[in-house]
Each structure stands twice: as C-alpha cells, then as structure tokens.
Number of protein chains: 2
Amino acid sequence: MLEKNYYNVGEDTCSINVIHEKAINKAKKEMLNDETYMELAETFKLFGNPTRLKIMSLLSVEDLCVCDMSEILDMSQSAVSHQLRTLRSKNLVKYVKEGKQARYSLADRHVTQLLQIGIEHVLE
Amino acid sequence: MLEKNYYNVGEDTCSINVIHEKAINKAKKEMLNDETYMELAETFKLFGNPTRLKIMSLLSVEDLCVCDMSEILDMSQSAVSHQLRTLRSKNLVKYVKEGKQARYSLADRHVTQLLQIGIEHVLE
DNA sequence: TTGTTATATGATAATTTGTTCATATGTACA
DNA sequence: TGTACATATGAACAAATTATCATATAACAA
C-alpha cells in the first residue's frame with residue numbers, strides 16, 4: 001500500500017503530493033488569504049522587539065506618558081516616540097492628549113492576551 | 001532617560017518623574033527582567049513573517065512533511081526548511097522522522113492560541 | 001554498489017529594521 | 001509675547017533578516 005502511494009506519474013509534479021494529498025487538501029482549505037497573513041505578520045512583527053515589548057508590558061500595568069516610559073526604559077524620548085508610532089500603526093496602543101503630554105494605553109484586550117501567552121511560552 | 005534640557009533647578013531629577021512618580025514605580029515593579037523580554041522578542045519575531053505564519057497555520061490543521069508545505073506554499077524546499085529550522089529553534093514546531101520524511105507539527109497549545117488571538121486582532 | 005528522494009544547511013545579496021541626530025510641532029505659563 | 005516643556009518626525013546608517021543557490025546528509029530502492 002505504501003508502495004502504491006509512492007508511484008510517480010512522471011509529470012512535473014512532486015511525487016510527494018500523491019502521498020499526503022488528503023492532508024494537503026485539508027490544510028490548504030483552511031488557509032486564510034495572503035493579505036491576512038501579511039497583515040498578521042506586520043502585527044506580530046511589532047511584538048518582536050524588546051523595546052516595544054517593554055512598552056506594552058509597562059502599559060499593561062499603567063497608562064503612561066512618553067517621558068515616563070523614556071525614563072523607565074532609559075531610552076531617548078525620540079526612540080520611544082518612534083516605537084509608539086509603530087505600535088499605533090497596528091492598533092496596539094492608543095493615547096489621549098493631556099495638555100503637553102500624551103497618555104498612552106494598550107489598545108485592546110488582545111495585546112494583553114498575546115503578551116501573557118507569549119510569556120507563558122518562554123517561561124515554560 | 002535624562003536629557004539635559006529636562007533638568008529642574010539644579011536637581012538631578014527629571015521634572016516629569018515628579019509628575020507620574022507613582023505610576024512609574026508601579027509599572028517598573030511589574031517589569032520582567034531584560035533577558036525575558038529578549039527571549040520573548042525572539043519568539044514573537046518568528047510570528048512576524050508571512051511564510052512562517054502560513055507554516056504554523058497549516059500545521060494547526062494537519063501534521064505535514066516539508067515537501068507538502070513546500071507544495072502548498074509554492075516555495076522552494078530550501079526556504080521552507082530554513083523557516084522550519086528557525087521555528088524549531090524557539091520551540092514553536094517539532095517533528096518526527098518517518099523514513100526519508102520529517103513529519104512536522106506545532107510544538108504546543110501556545111502556538112495555536114497566539115495564532116488565534118492574532119487573527120482575531122487583525123480581522124476585528 | 002549506484003541512483004533517487006527528502007531534508008538540512010552554508011553563503012550570499014537584497015531588503016528591512018531600530019536607533020540616533022536634528023529639527024518641527026504644539027501646549028502652557030510667565 | 002517669548003520661553004520651556006512634551007512629543008513627533010525625517011534622514012541616515014549599522015545591524016538583522018529572508019529567499020536563493022549550491023551543496024551536504026541521510027534513507028531507501030534497484
């Protein structure tokens with residue numbers, strides 16, 4: 001039976017296709033469209049940097065202004081602000097203006113959830 | 001970070017510190033150590049690429065061998081194999097050898113959870 | 001043994017990323 | 001009005017990343 005599955009049709013098709021055809025079709029059918037994966041990658045990419053993770057981690061505890069974060073992280077205001085901008089671009093943080101300051105907070109529950117599960121994974 | 005122009009009347013404290021001192025201390029106290037954030041970033045980084053996301057997405061439906069994935073994704077075997085290697089490096093996928101083939105699967109429930117929440121976020 | 005298939009991996013070039021520096025914008029207060 | 005503070009942003013450069021190509025390894029078949 002295994003041998004039968006191994007036959008090669010001699011076309012420009014990989015012989016392997018034949019072996020796991022059902023699995024391939026099943027998995028293929030569940031795939032989202034390309035744009036969704038690209039959008040998803042862009043979003044996850046923002047979690048892939050220690051500075052941004054620290055920012056989100058801080059905001060999961062307390063709303064903070066840029067200078068607070070700059071101070072805690074011992075990083076320039078510019079660097080923090082740039083990162084906040086990218087985080088906003090994918091809807092991971094939001095802010096309200098309060099006088100001269102901008103009070104940042106996490107955009108929604110997904111951010112907290114992703115952080116928590118990620119931490120679980122690495123600490124396990 | 002303390003920058004020259006933020007100094008207050010000769011004191012070595014940023015004027016901003018004073019404003020949100022409590023918030024700063026509270027958030028600071030909850031921070032994990034630097035290595036954890038680095039490790040976490042390395043892990044999330046692997047979710048930040050469409051190819052790897054598709055691979056994990058496929059594996060969340062069916063265990064598959066390298067050639068299956070290569071076929072579905074219409075990518076070279078080499079590219080897929082390289083990505084699988086990096087996914088293994090952070091314990092996101094695992095595999096068992098079956099003859100000439102390697103049957104890959106997701107490493108643990110966190111991977112599925114992260115994918116799901118991420119998708120929720122971008123589709124919302 | 002030799003040939004074929006499945007997978008892994010080193011090196012490379014093109015692209016992307018993250019911080020810094022310099023500067024701009026905007027708010028408040030004297 | 002002018003000055004200081006808080007934040008935003010454009011340019012630029014070093015560092016990291018990803019797919020490709022070429023090749024290696026490893027299992028099986030003939």
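We use all heavy atoms of the structure for the numbers below, so side chains are in, but hydrogens, waters and symmetry mates are not. Chain naming here is simple, since letters A, B, ... match the order of the sequence lines and numbering starts at 1 in each.
- With sequence neighbours left out, B/S78 forms a side-chain contact (heavy atoms from CB on, under 4.5 Å) with B/S76, B/H82.
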Side-chain donor-acceptor pairs of residues 93-100 of chain A under 3.5 Å, sequence neighbours excluded:
unit_1 : atom_1 : unit_2 : atom_2 : d
A/E98  : OE1    : A/R103 : NE     : 3.3
A/E98  : OE2    : A/R103 : NE     : 3.4

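- Partners of B/R109 under the salt bridge (Lys or Arg N to Asp or Glu O under 4.0 Å) rule, at least two apart in sequence or in another chain, are A/E120, A/E124.
- Between the P atom of C/dT17 and the CZ atom of B/F44 lies a distance of 18 Å, rounded to the nearest Å.
- For D/dA6, the OP1/OP2 oxygens have no side-chain nitrogen or oxygen of A/Y104 closer than 4.0 Å.
- Atom CG of B/L53 and atom P of D/dT17 are 16 Å apart (whole Å).
- In this structure, the CD atom of B/E71 is 13 Å from the P atom of C/dT7, given to the nearest Å.
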Which pairs, protein N/O on one side and nucleotides 9-11 of chain C N/O on the other, fall under 3.5 Å?
unit_1 : atom_1 : unit_2 : atom_2 : d
C/dT9  : OP2    : B/R85  : NH1    : 2.7
C/dT9  : O4     : B/S78  : OG     : 2.5
C/dG10 : O6     : B/H82  : NE2    : 2.7

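- For the salt bridge (Lys or Arg N to Asp or Glu O under 4.0 Å) test, residues two or more places apart in sequence or in another chain that qualify with A/D34 are B/K54.
- Legend: residues meeting side-chain contact (heavy atoms from CB on, under 4.5 Å) with B/N33, ordered by chain and number and at least two apart, are B/E35, B/T36.
- For the pair A/L87 CG and C/dG18 P, the interatomic distance rounds to 10 Å; values are reported in whole Å.
- Within residues 35-42 of chain A, no residue has any heavy atom under 4.0 Å from DNA chain D.
- Separating the CZ atom of A/F47 from the C1' atom of C/dT17 is a distance of 18 Å, rounded to the nearest angstrom.
- Residues B/Q101 and B/V66 fail the side-chain proximity criterion, which asks for heavy atoms closer than 4.5 Å.
- Backbone-only engagement by A/T51 is indicated by non-hydrogen atom pairs under 4.0 Å involving sugar-phosphate atoms exclusively.
- B/E42 pairs by the salt bridge (Lys or Arg N to Asp or Glu O under 4.0 Å) definition with B/K45, not counting sequence neighbours.
- Here B/R103 lies out of heavy-atom contact (under 4.0 Å) with every strand.
- When the side-chain nitrogen and oxygen atoms of B/Q101 are compared with OP1 and OP2 of C/dT5, none of them lie within a distance under 4.0 Å.
- Residue pairs meeting the ring-ring contact (aromatic ring centres under 6.0 Å, His included) criterion with at least one member in residues 39-64 of chain A, sequence neighbours excluded: A/F44-B/F47, A/F47-B/F44.
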Scan nucleotides 26-30 of chain C against the protein and return all N/O pairs shorter than 3.5 Å with their distances rounded to 0.1 Å.
none

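- Residue pairs satisfying the salt bridge (Lys or Arg N to Asp or Glu O under 4.0 Å) criterion with at least one member in residues 75-85 of chain A, sequence neighbours excluded, are absent.
- At least one side-chain nitrogen or oxygen of B/R52 sits closer than 4.0 Å to the OP1 or OP2 atom of D/dT18.
- Between the NE2 atom of A/H20 and the C1' atom of C/dT7 there is a distance of 14 Å, given to the nearest Å.
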Cut-off 3.5 Å, no hydrogens considered: what does the side-chain donor-acceptor table look like for residues 55-63 of chain A, sequence neighbours left out?
unit_1 : atom_1 : unit_2 : atom_2 : d
A/S57  : OG     : B/Y37  : OH     : 2.6
A/S60  : OG     : A/S57  : O      : 2.6
A/E62  : OE2    : B/K26  : NZ     : 3.2

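- OP1 or OP2 of C/dT17 has not a single side-chain nitrogen or oxygen of A/N49 nearer than 4.0 Å.
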